[in-house]
Amino acid sequence: GYAARVSLSDFSSSGVQFFNLAETDPNLKGFNGGFVTDAHAYYVPIIHRPGSSETYHGYAARVSLSDFSSSGVQFFNLAETDPNLKGFNGGFVTDAHAYYVPIIHRPGSSETYHGYAARV
């Protein structure tokens, strides 16, 4: 669940800032891509591995760019809206909405591609 950013004016190890999203909530790990607005960085949920098993999830997270720390994190579980809203492959943003691109989840014992797109 580590989020990192690198200063473009100091593109070196000394320009790195990072923190662990999972310290905010233990479900905030296993992201696949992200996107950014002027105010936030968004993290796209796909999968995490508690122990040796894989679990697809729908925990969408964003971090304030002006408070890049655990106190700047906001999140919610898309799967609370519909249990199929988990396992995404990237996303994008417009002026009004964030979109999560569907790919795969495991509703039973096998992986299944899905077409459940989410707009927030």
Original post:
Which heavy-atom pair separates Asp67 from Ser71 by the least distance, and what is that distance?
Top reply: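 Shortest heavy-atom separation between Asp67 and Ser71 comes out as OD2-OG, 2.8 Å.
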**OP:** Return the minimal non-hydrogen interatomic distance between Leu78 and Pro45, and the atom names on each side.
**Re:**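 Closest pair (atom of Leu78, atom of Pro45, distance): CD1-CG, 4.4 Å.
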Between [atom1] on residue [X] and [atom2] on residue [Y], distance to nearest 0.5 Å:
{"X": "Thr55", "Y": "Lys29", "atom1": "OG1", "atom2": "NZ", "value": "9.5 Å"}
{"X": "Tyr100", "Y": "Phe35", "atom1": "OH", "atom2": "CZ", "value": "4.0 Å"}
{"X": "Glu23", "Y": "Ser70", "atom1": "CD", "atom2": "OG", "value": "6.5 Å"}
{"X": "Leu85", "Y": "Asn77", "atom1": "CG", "atom2": "CG", "value": "9.0 Å"}
{"X": "Asp38", "Y": "Leu65", "atom1": "CG", "atom2": "CG", "value": "8.5 Å"}

**OP:** Go through the steps to decide whether Thr24 and Phe75 satisfy the test side-chain contact (heavy atoms from CB on, under 4.5 Å), and finish with yes or no.
**Re:** CA-CA 9 Å; Thr24 303; Phe75 69 94; 4.0 Å; yes
**OP:** Please check if Val44 and Ile104 belong to a single hydrophobic cluster, counting links between Ile, Leu, Val, Met, Phe, Trp and Tyr side chain heavy atoms closer than 4.5 Å.
**Re:**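 Unlinked, Val44 and Ile104 end up in two clusters.
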Original post:
Would a hydrophobic clustering, with Ile, Leu, Val, Met, Phe, Trp and Tyr connected at side-chain separations under 4.5 Å, put Tyr2 with Val63?
Top reply: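 Result: no, two separate clusters.
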Subject >> CZ (Phe76) with more than 12 external heavy atoms under 6.0 Å >> reply: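 Counting neighbours around CZ of Phe76, more than 12 heavy atoms of other residues, nucleotides or ligands fall under 6.0 Å, so yes.
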Original post:
Any side-chain heavy atom of Val36 within less than 4.5 Å of one from Tyr42?
Top reply: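 No, side chains not in contact.
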**OP:** Answer yes or no: is there a side-chain heavy-atom contact under 4.5 Å between Ile46 and Ile103?
**Re:**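 In short, these two side chains touch, coming nearer than 4.5 Å.
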Subject >> Donor-acceptor under 3.5 Å (Arg5 side chain, Ala41 main chain) >> reply: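 No, because the side chain of Arg5 does not come within donor-acceptor range (under 3.5 Å) of the backbone of Ala41.
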**OP:** Kindly assign one of parallel, tilted or perpendicular to the pair His114 and Tyr116, based on the angle between their ring planes and the thresholds 30° and 60°.
**Re:**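 If you compare the ring of His114 with that of Tyr116, the planes turn out tilted.
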